[in-house]
Asks: 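Supplied in structure tokens, the structure appears directly below.
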Amino acid sequence: MTDKIIIFDTTLRDGEQSPGASMTKEEKLRIARQLEKLGVDVIEAGFAAASPGDADAINSIAKVIERSTVCSLARASEKDVRAAGEAIKPAKHGRIHTFIATSPIHMQHKLRMEPDEVVARAVQAVKWALEYTDDVEFSAEDAVRSEMPFLVRIFDEVIKAGAKTLNVPDTVGYSIPLLWGERFKQLIATVPNSDKVIWSTHCHNDLGMASANSLAAVMNGARQVECTINGLGERAGNAALEEVVMAIKTRRDIFTFDTNIDTTQIVPTSKLVSSITGYPVQPNKSIVGANAFAHESGIHQDGVLKHRETYEIMRAEDVGWGANKMVMGKHSGRAAFRSRLQELGIVLDGEEALNEVFARFKTLADKKHEIFDEDIQALVGNEGDAQVSDYFRLVSMRAHSETGVLPKAQVTLSVGGKEHQAEAQRGGPVDATFQAIEQIVKSGSELLLYSVNNITSGTDAQGEVTVRLSKGGRVVNGLGADTDIVVASAMAYLNALNKLDAGEERAHPQV
Ligand code: KIV
Ligand code: ZN
């Protein structure tokens, strides 16, 4: 047993299962680098058998990550486990996480397997995984609704087969802290050799108790918590990393453990994940919401000014608020820009890409006085992302709005290198712009979401636009940033169209 809680981040796998949150390889690489900087112990980088693109992304992450363990999920089948094994091969520390459902409802209706067959499959999957790494994790999917004697039996068998981490998922977010803690206590007391493995908790948030349940598991013997940034994940999401980590850190009187997380990286990581996935963080979200440390009432403000601890249990700077620095302005040079990119963990593909982004930085610096880290992150966007082509590219645009006149937009696009022009009139300039783009592209896609967020404060801030499009069952997010939000909107729309164009079919792990 260790006094450290292992933080297993599954933003790139369970988080990516949030509708529309699918990420390109370059986006995943950026998040993986940031997760390593944050100090997570294990990065679940994806589900290799989902598609060649997923396997490639895990493989690329495995090549660049040095300290964190890189893990791939695999169903308990030979094909999945071998795909995971190949994908993590370059990793300094690689893990295979294999799973099979153990509840009567899943075994009967989803797997259509007898319990004996499920045990045999689990044992075999662990053995295949051990051919690639000795760091093998086994999950009993839907453990929350599984029968205790069967859980004890399957965990006993996979320990004998060589699994080192046993994960107990509340797949459907059904438990409550009291029961979840009890489940860990019983399992650890009953499963033979339970002290030879790490017990892990993986909780979903359907009843809003994912973090509380995870902490109850920790109080009853779990030493690994599976979680995601901003609580992203399937349906209502997973336990939020920031909540679990800050609860452990803030309530030292209860949790006598530590994590390897550099908590000052929490907010930057949250912002990066939010901007890449297009999932905004609600303002009142604990730790990472914009209002998490804002005091509105006069009595509270007065109290905080007199003595911060009157109303604050954590310090905003400890979780990375206020760390955004004015890094550059219009006089900053190329060398300083390059070194700032390096500090932000942004790797561009060669000098040409750097020149291109630097030119955009200069244009932005002409329009915006102070440039923050977040501006640079947005500026880089999908630069150098080989998976996202610029088949559809904005050449120029004009949008007109005036009171009493129907807004009008005119766009010139390059489509596969050939220029096309169109114009449209609609209820608003963004709508007119999208309509003009559609006249040229004729994508037939459905707009599921359109949102604008200011990247930094002030009226000269860049607006970051997220556009979520759906076509033929695929859902993609497009991002665009500019000080002109109509231009940012056009860029986001085209980014989404380019992603739709480049997409591939993927399997879902739990289907
Ligand atoms: O929720 C779940 O059961 C999972 C498993 C694959 C661990 O995500
Ligand atoms: Zn899950």
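Throughout, residue positions are numbered sequentially from 1 according to the sequence presented. Worth saying up front: this structure is predicted, and the values here are computed from it rather than measured.
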Asks: Evaluate side chain to side chain contact (heavy atoms under 4.5 Å, CB included) for Met246 paired with Ile266, printing each intermediate quantity in order.
Replies: CA-CA 10 Å; Met246 289 314 291; Ile266 286 179; 4.0 Å; yes
Asks: Is there a donor-acceptor contact under 3.5 Å linking the side chains of Glu226 and His97?
Replies: no
Asks: In this structure, are over 12 heavy atoms from other groups packed under 6.0 Å from Tyr174 atom OH?
Replies: no
Asks: Compare every heavy atom of Asp318 with every heavy atom of Thr263, then report the nearest pair and how far apart it is.
Replies: OG1-O, 2.6 Å
Asks: Under a 3.5 Å distance rule, please check whether Ser68 uses its side chain to pair with a backbone N or O of Val40 as donor and acceptor.
Replies: yes
Asks: Is any NZ, NE, NH1 or NH2 atom of the basic residue among Lys89 and Glu86 found under 4.0 Å from an Asp or Glu carboxylate oxygen of the other?
Replies: yes
Asks: So Leu38 and Leu241, do their side chains get closer than 4.5 Å, heavy atoms only?
Replies: yes
Asks: Looking only at heavy atoms, what is the nearest atom pair of Leu413 and Val395, with distance?
Replies: C-CG2, 3.8 Å
Asks: Going from NE2 on His93 to CG on Asp41, what distance comes out if it is rounded to the nearest 0.5 angstrom?
Replies: 10.5 Å
Asks: Regarding Asp54 and Ser51, is there a side-chain donor-to-acceptor distance under 3.5 Å anywhere?
Replies: yes
Asks: Could you tell me which non-hydrogen atom of Asn453 sits nearest to which non-hydrogen atom of Pro280, and how far apart they are?
Replies: ND2-CB, 4.4 Å
Asks: Measure from the side-chain N and O atoms of Glu16 to the backbone N and O of Met23, and report whether any donor-acceptor pair falls under 3.5 Å.
Replies: yes
Asks: Does a donor on one side chain and an acceptor on the other come within less than 3.5 Å for Gln462 and Glu464?
Replies: no
Asks: Test Thr412 against every option in Glu419, Arg393, His420, Met397 by the side-chain contact (heavy atoms from CB on, under 4.5 Å) rule and name the one that passes.
Replies: Glu419
Asks: Other residues, nucleotides and ligands only: do more than 12 of their heavy atoms fall within 6.0 Å of NZ on Lys285?
Replies: yes
Asks: If we ignore hydrogens and angles and just use 3.5 Å, is the side chain of Arg360 paired with the main-chain N or O of Leu379 as donor and acceptor?
Replies: yes
Asks: Taking Glu351 first and then Arg334, would you say they form a salt bridge - that is, a charged N and a carboxylate O separated by under 4.0 Å?
Replies: yes
Asks: Assign the ring pair Tyr450 / Phe434 to parallel, tilted or perpendicular, where the plane angle (0 to 90°) is split at 30° and 60°.
Replies: perpendicular
Asks: Would you give the length of the straight line joining atom CG of Asn238 to atom OG of Ser18, rounded to the nearest 0.5 angstrom?
Replies: 8.0 Å
Asks: We want to know whether Ser270 and Asn230 form a side-chain donor-acceptor pair, criterion being a heavy-atom distance below 3.5 angstrom.
Replies: yes
Asks: Mind checking whether Phe47 and Arg75 have side chains closer than 4.5 Å, heavy atoms only?
Replies: yes
Asks: Checking Ile88 against Ile96 for the side chain to side chain contact (heavy atoms under 4.5 Å, CB included) test, could you report, in this order, the C-alpha distance in whole Å, the side-chain angles of both residues, the deciding distance, and whether it holds?
Replies: CA-CA 8 Å; Ile88 60 150; Ile96 296 176; 3.8 Å; yes
Asks: How about Ser445 and Leu500: do any of their side-chain heavy atoms sit closer than 4.5 Å?
Replies: yes
Asks: Under a plain distance cut-off of 3.5 Å, with no hydrogens placed, do Glu243 and Ser286 share a side-chain donor-acceptor pair?
Replies: yes
Asks: Going by distance alone, is a donor N or O of one side chain under 3.5 Å from an acceptor N or O of the other, for Arg13 and Gln17?
Replies: yes
Asks: Begin from the C-alpha positions of Val487 and Leu394 and carry the test side chain to side chain contact (heavy atoms under 4.5 Å, CB included) through to its verdict.
Replies: CA-CA 9 Å; Val487 174; Leu394 182 67; 4.3 Å; yes
Asks: Would you name the heavy atoms of Ala409 and Ala436 that are closest together and state the gap between them?
Replies: O-CB, 4.2 Å
Asks: Is the backbone N or O of Met209 less than 3.5 Å from a side-chain atom of Asn205, with the two atoms forming a donor-acceptor pair by type?
Replies: yes
Asks: Can you check whether Ile61's main-chain N or O pairs, donor with acceptor, with Arg33's side chain at less than 3.5 Å?
Replies: no
Asks: State whether the side chain of Asp460 and the backbone N or O of Lys368 hold a donor-acceptor pair below 3.5 Å, judged by distance alone.
Replies: no
Asks: Between Thr433 and Ala490, what is the shortest heavy-atom contact and its length?
Replies: CG2-CB, 3.8 Å
Asks: Between the main-chain N or O of Arg67 and the side-chain N or O of Glu36, is there a donor-acceptor pair closer than 3.5 Å?
Replies: yes
Asks: Looking at every non-hydrogen atom in both residues, tell me the closest pair between Val486 and Pro429 and how far apart they are.
Replies: CG1-O, 4.1 Å
Asks: So do the side chains of Asn498 and Val476 get within less than 4.5 Å of each other, counting heavy atoms only?
Replies: no
Asks: Please report the C-alpha distance between Arg95 and Phe8 in whole Å, then the side-chain angles of each, then the deciding distance to 0.1 Å, and finally whether the side chain to side chain contact (heavy atoms under 4.5 Å, CB included) criterion is met.
Replies: CA-CA 11 Å; Arg95 173 180 295 189; Phe8 175 114; 3.8 Å; yes
Asks: Please confirm whether the backbone N or O of Gly278 pairs with a side-chain atom of Thr466, one donor and one acceptor, at under 3.5 Å?
Replies: no
Asks: Looking at side-chain heavy atoms only, is the closest gap between Arg468 and Tyr279 below 4.5 Å?
Replies: yes
Asks: Closer than 4.0 angstrom, basic N to acidic O: yes or no for Glu26 and Arg30?
Replies: no
Asks: Roughly how far apart are Asp375 CG and Thr483 OG1, rounded to 0.5 Å?
Replies: 10.0 Å
Asks: Is the closest side-chain donor-acceptor distance between Ser443 and Glu438 under 3.5 Å?
Replies: yes
Asks: Checking the side chain of Asn495 only, and the main-chain atoms of Met491 only, is there a donor and an acceptor separated by less than 3.5 Å?
Replies: no
Asks: Rounded to the nearest 0.5 Å, how far does OG1 of Thr228 lie from NE2 of His204?
Replies: 8.5 Å
Asks: Between Ser200 and Asn167, is there a donor-acceptor pair closer than 3.5 Å when you use the side chain of the first and the backbone of the second?
Replies: no
Asks: Side-chain contact, heavy-atom cut-off 4.5 Å: Glu356 with Leu348?
Replies: no
Asks: For the side chain to side chain donor-acceptor pair (under 3.5 Å) test, which of Asp170, Asn213, Asp14 pairs with His202?
Replies: Asp14
Asks: Are Gln410 and Gln421 close enough that a side-chain donor and a side-chain acceptor fall under 3.5 Å?
Replies: no
Asks: In the structure I gave you, are the side-chain heavy atoms of Val288 and Ile229 within less than 4.5 Å of one another anywhere?
Replies: no
Asks: I need the Cys71 SG to Glu44 CD distance, nearest 0.5 Å.
Replies: 4.5 Å
Asks: With a 4.0 Å cut-off, would you call Asp482 and Lys367 a salt bridge?
Replies: yes
Asks: Could you grab the distance from atom CG of Asp431 to atom OG of Ser489, nearest 0.5 Å is fine?
Replies: 10.5 Å
Asks: Is any side-chain heavy atom of Asp262 less than 4.5 Å from a side-chain heavy atom of Lys37?
Replies: no
